[in-house]
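What follows is a single structure, written as structure tokens, with notes after it.
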Amino acid sequence: MAKSHPPSFLEVPPTAGLPPYWGDLSPFAGSAAARGDLARAAADFLGVDDVQVECSGTASLVVALTALHRLSGRSVVVVPAYTCPLVALAVAHCGLELRLCDLAPGSIDFDAQQLEQACDRDTLAVVPTHLAGRVADVDAALAIARAVGAFVIEDAAQALGARRDGRPVGLDGDVGFFSLAVGKGLTTFEGGLIVARDATLRRELARTSREIVPYRFGWELRRSLQLLGYHALYRPSLLGLAYGAPLRRALRRGDPVAAVGDDFDADIPLHTLGRWRRSVGARAFARLPAFLETCTAQAARRKARLARIDGVDVVDDRPGAEGTWPFLLLRLRDEASRDAALRDLWGAGLGVSRLFIHALPDYGYLQPFVGKRAEESGAIPNARAFAATTLTVSNSPWLADAAFETICARLQAAVAAA
Ligand SMILES: *Cc1c(COP(=O)(O)O)cnc(C)c1O
């Protein structure tokens, strides 16, 4: 197979970000949406009474954990052994204890038996995670959590717009949160949304936020400038500069963690999300439903195409679930064929990448936060296999059919050769 070259100077983003419009940035109030009520726009989109806005998905989790800890006094948080490292950092930030649970084989869901063993009367919360836009089995987690009196927090950071039986994810558990970070769809550069069915709990979450989340001018200024930069650079002609070049540098020095941006700072900024960025997000919400529809239709066609490749599985939803499709998450037959495919495709400018590089205990920098007890709580072979055999194919509408065909051909060759 010939070495891959970026298709001229165009770069496909690794996820389907909602394309930004300059009009979103207007500082002037106009229509109701333009007056900038991000919480209202998000609540209307989700069909709920209230949405709480925070400065990131991680901050949303910190607020939720703090509020729930105040209610129950318990301190163990059970999370999937394969998830975003920020989840582990949020638990540590709150001074709570992390406990890892393996995934079921080839799935984003918890291994049910291990989850049962991980839960006891110290368990504050269980965190089923709607990874990659897929809809996790919250009912199974709820049954096990309820049996020990623990809360359920749905991590829907990657799944804004995902539904199950027509209802948005995030509302079956006690608390749900979404991320508005760059790369996760609709973005305020960084941002987060919290939902909760129960009105009393919503008041607790709002009160906790008022107590622990300050206004910080420096952070708001920084994020506002970053959001402007994003608007300037988020287009195929400039993403090579903003995303592709640093990616290829990280790959050349053999640093996959930096290549996907998994190297997070343990210091989690907590601050309110300013008025101007809220108005930008509120305007963007108006375009989200149509954009998600386009992405879902494209994913359906491309799933069918990928299914014809032997040794490649697309991680999909169960019946009744309609997830979102920021990218297609592919499981390859084994690590060797996954790595062969990545050698050819990662860094080629085609939007092929990886989700999180490791299971949580395998990030060196997370050692102080994941700790020993997490490893003792059970072996995590499925989480590690998931990290070792998966890759992602962008579902950005900017990935043209011809480029997608190129990816399919190279995947097929890689699996056949390995
Ligand atoms: C991104 C992410 C988070 C954290 O959200 P931020 O907005 O980036 O802070 C949490 N959980 C998962 C699964 C994520 O992908």
Side-chain angles (χ1 to χ4, degrees), residues 14-18 38 42 51-65 77-94 98 100-101 103 108-110 125-136 138 141 153-162 169-170 173 175-195 213 219 223 226-227 230 257 260-271 273 277 281 315 323-327 329 353-360 363 366 369 383 386-387 390 392:
T15 62
L18 175 71
L38 177 57
V51 171
Q52 185 169 321
V53 174
E54 299 293 346
C55 69
S56 68
T58 311
S60 305
L61 180 56
V62 165
V63 168
L65 288 171
V77 184
V78 182
V79 312
Y82 184 75
T83 187
C84 181
L86 285 167
V87 171
L89 296 176
V91 172
H93 175 97
C94 296
L98 189 71
L100 302 185
C101 178
L103 304 177
I108 63 159
D109 289 314
F110 287 117
V126 173
V127 188
T129 302
H130 303 287
L131 209 60
R134 309 280 48 79
V135 178
V138 177
I153 301 175
E154 288 182 54
D155 181 342
Q158 300 187 1
L160 180 61
V169 299
V175 182
F177 71 93
F178 303 94
S179 167
L180 305 183
V182 158
K184 300 209 177 162
L186 185 156
T187 188
T188 47
F189 201 82
E190 293 278 3
L193 304 171
I194 305 180
V195 293
V213 180
W219 274 107
R223 294 296 188 229
Q226 287 171 317
L227 183 58
Y230 171 77
V257 170
V260 297
D262 267 0
D263 42 356
F264 298 104
D265 197 327
D267 216 357
I268 297 168
L270 283 185
H271 52 94
L273 201 152
R277 282 198 297 142
V315 180
T324 55
W325 296 92
F327 46 81
L329 179 59
S353 183
R354 287 178 65 179
L355 195 47
F356 312 116
I357 298 301
H358 299 300
L360 291 182
Y363 289 95
L366 280 187
F369 311 104
F386 207 84
T390 53
T392 59

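Note that ligands are numbered from 1 as they come in the structure, with each ligand's atoms numbered from 1 the same way.
Nearest heavy atom pair, residue S56 against residue E190, reads CB-OE1, 4.0 Å. Between A162 and G323, the closest heavy-atom pair is CB-CA, 3.8 Å.
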Dump all N/O pairs between ligand 1 and the protein below 3.5 Å as a table: atom names plus distance, one pair per row.
residue, atom, partner, partner atom, Å
ligand 1, 7 (O), G57, N, 2.7
ligand 1, 7 (O), S179, OG, 2.6
ligand 1, 9 (O), G57, N, 3.3
ligand 1, 9 (O), T58, N, 2.8
ligand 1, 9 (O), T58, OG1, 2.5
ligand 1, 11 (N), D155, OD1, 3.3
ligand 1, 11 (N), D155, OD2, 2.6
ligand 1, 15 (O), Q158, NE2, 2.8
ligand 1, 15 (O), K184, NZ, 2.8

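Residues passing the side-chain contact (heavy atoms from CB on, under 4.5 Å) test with A42, sequence neighbours excluded: V51, L193, F285. Y82 pairs by the ring pair (Phe, Tyr, Trp, His ring centres under 6.0 Å) definition with F356, F386, not counting sequence neighbours. The ring pair (Phe, Tyr, Trp, His ring centres under 6.0 Å) search around H358 returns Y363, not counting sequence neighbours.
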Chi angles and distances behind the side-chain contact (heavy atoms from CB on, under 4.5 Å) call for L89, D267: CA-CA 8 Å; L89 296 176; D267 216 357; over 6 Å; no

